[in-house]
Amino acid sequence: MKTVKTLFENNRRWAAKAVRRTPDFFTRLVHKQTPQFLWIGCADSRVPAEAIVGLLPGELFVHRNVANQVIHTDVNCLAVLQYAVDVLRVRHVIVCGHYACGGVKAALDHAAHGLIDNWLHPIRQMRERHRRELAGIADHAARVDRLCEINVREQVQHVAGTTIVRDAWSRGQALTVHGWIYGIQNGRLKDMKLSLASIAEAEAARAPRRR
Ligand code: CO
């Protein structure tokens, strides 16, 4: 079992190695960060954002919460999005879900875990909206995975629907919102081909889903 001491030892080795490779690695980062990407992912320990996409400190702005949700009243998530888009001027917002997500599974199974159930409420509503499709999937793990995909699609729409992203598009800022999903079983990312880069694209993507 790893102890807290191990983490500090690891950190010393990691920092020393980074400086050996690039002597001004940290001193350069003190002055500014210029990430091109905002990552909105799940808090799950098996989905480490920078490691998955091979990016270094300074290259990825990150927001993570349970089940990678973008909720219009969540000031934390909105503040990250606003700062990333308006101040850092990231070019890409990536909503990255993952298969076998514990949050999505809990929402699907009506499991009770305390306060977190409130946070997962929007996913339970999503489950109800897609009840018929989900009921047609016999295998439980496959049903969880399908709801994980539906969740990514909905969160991409939520990002695209924020005043932050719409205002950026209105003023002609280059910004693409992506929907990806990660397989914790194989370490691979999949682009769900949900990318949106304008108000027109966001509205077109929304229209056919009304039923
Ligand atoms: Co998760």
How are the rings of Phe61 and Tyr83 set relative to one another: parallel (under 30°), tilted (30 to 60°) or perpendicular (over 60°)?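 Tilted: the ring planes of Phe61 and Tyr83 meet at 30° to 60°.
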Among side-chain atoms of [X] and [Y], is any donor-acceptor pair under 3.5 angstrom?
X: His72; Y: Asp74; value: no
X: His178; Y: His92; value: yes
X: Arg143; Y: His140; value: no
X: His130; Y: Gln125; value: no

Flag yes if [X] and [Y] sit in one hydrophobic cluster, no otherwise; membership is Ile, Leu, Val, Met, Phe, Trp, Tyr, and two members link when side-chain heavy atoms are under 4.5 Å apart.
X: Ile199; Y: Val159; result: yes
X: Val90; Y: Leu78; result: yes
X: Leu147; Y: Met192; result: no
X: Ile40; Y: Ile164; result: yes
X: Val93; Y: Leu55; result: no

Minimum heavy-atom distance between [X] and [Y], given as atom pair plus value:
X: Val104; Y: Ala67; result: CG2-CB, 4.4 Å
X: Leu120; Y: Ala106; result: CD1-CB, 4.0 Å
X: Leu88; Y: Pro35; result: CD1-CG, 3.9 Å
X: Gln157; Y: Arg206; result: O-NH2, 3.3 Å
X: Gln69; Y: Cys77; result: O-SG, 4.2 Å
X: Asp191; Y: Lys193; result: OD1-N, 2.8 Å

Verify, without hydrogens or angle tests, whether [X] (side chain) and [Y] (backbone) share a donor-acceptor contact under 3.5 angstrom.
X: Arg89; Y: Thr34; value: no
X: Asp117; Y: Gly114; value: yes
X: Trp180; Y: Gly97; value: no
X: Gln155; Y: Val70; value: yes
X: Thr27; Y: Asp24; value: yes
X: Ser170; Y: Arg166; value: yes
X: Arg46; Y: Ile184; value: no
X: Glu201; Y: Ala197; value: yes
X: Asp145; Y: Ala100; value: yes

Do [X] and [Y] have side chains that approach each other closer than 4.5 Å (heavy atoms only, starting at C-beta)?
X: Leu175; Y: Trp169; answer: yes
X: Phe37; Y: Val53; answer: no
X: Val95; Y: Trp39; answer: no
X: Arg127; Y: His110; answer: yes
X: Gln173; Y: Val85; answer: yes
X: Tyr99; Y: Lys190; answer: yes
X: Ile71; Y: Pro122; answer: yes
X: Leu60; Y: Leu38; answer: no

Test salt bridge (charged side-chain N to carboxylate O under 4.0 Å, His left out) on Glu9 and Arg13 and set out the steps. CA-CA 6 Å; Glu9 285 162 4; Arg13 268 197 301 276; 5.3 Å; no
Would Leu189 and Ile181 count as a side chain to side chain contact (heavy atoms under 4.5 Å, CB included) here? Give the steps. CA-CA 6 Å; Leu189 274 175; Ile181 193 152; over 6 Å; no
Gap between atom CG of Leu134 and atom CZ of Arg132 - 0.5 Å precision: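 One finds 12.0 Å between CZ of Arg132 and CG of Leu134.
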Arg188, CZ: over 12 other non-hydrogen atoms inside 6.0 angstrom: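 No - once you tally the heavy atoms of other residues, nucleotides and ligands closer than 6.0 Å, there are 12 at most.
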Counting heavy atoms not belonging to Arg64, are there more than 12 under 6.0 Å from its CZ?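 More than 12 heavy atoms, drawn from other residues, nucleotides or ligands, come within 6.0 Å of this atom.
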After noting the C-alpha distance and the side-chain angles of His98 and Asp44, does the key distance pass the side chain to side chain contact (heavy atoms under 4.5 Å, CB included) rule? CA-CA 9 Å; His98 68 100; Asp44 193 305; 3.3 Å; yes
May I have the step-by-step check of side chain to side chain contact (heavy atoms under 4.5 Å, CB included) for His63 and Leu81, ending in yes or no? CA-CA 8 Å; His63 177 78; Leu81 180 64; over 6 Å; no
Begin from the C-alpha positions of Arg171 and Asp167 and carry the test salt bridge (charged side-chain N to carboxylate O under 4.0 Å, His left out) through to its verdict. CA-CA 6 Å; Arg171 61 179 179 253; Asp167 289 350; 5.6 Å; no
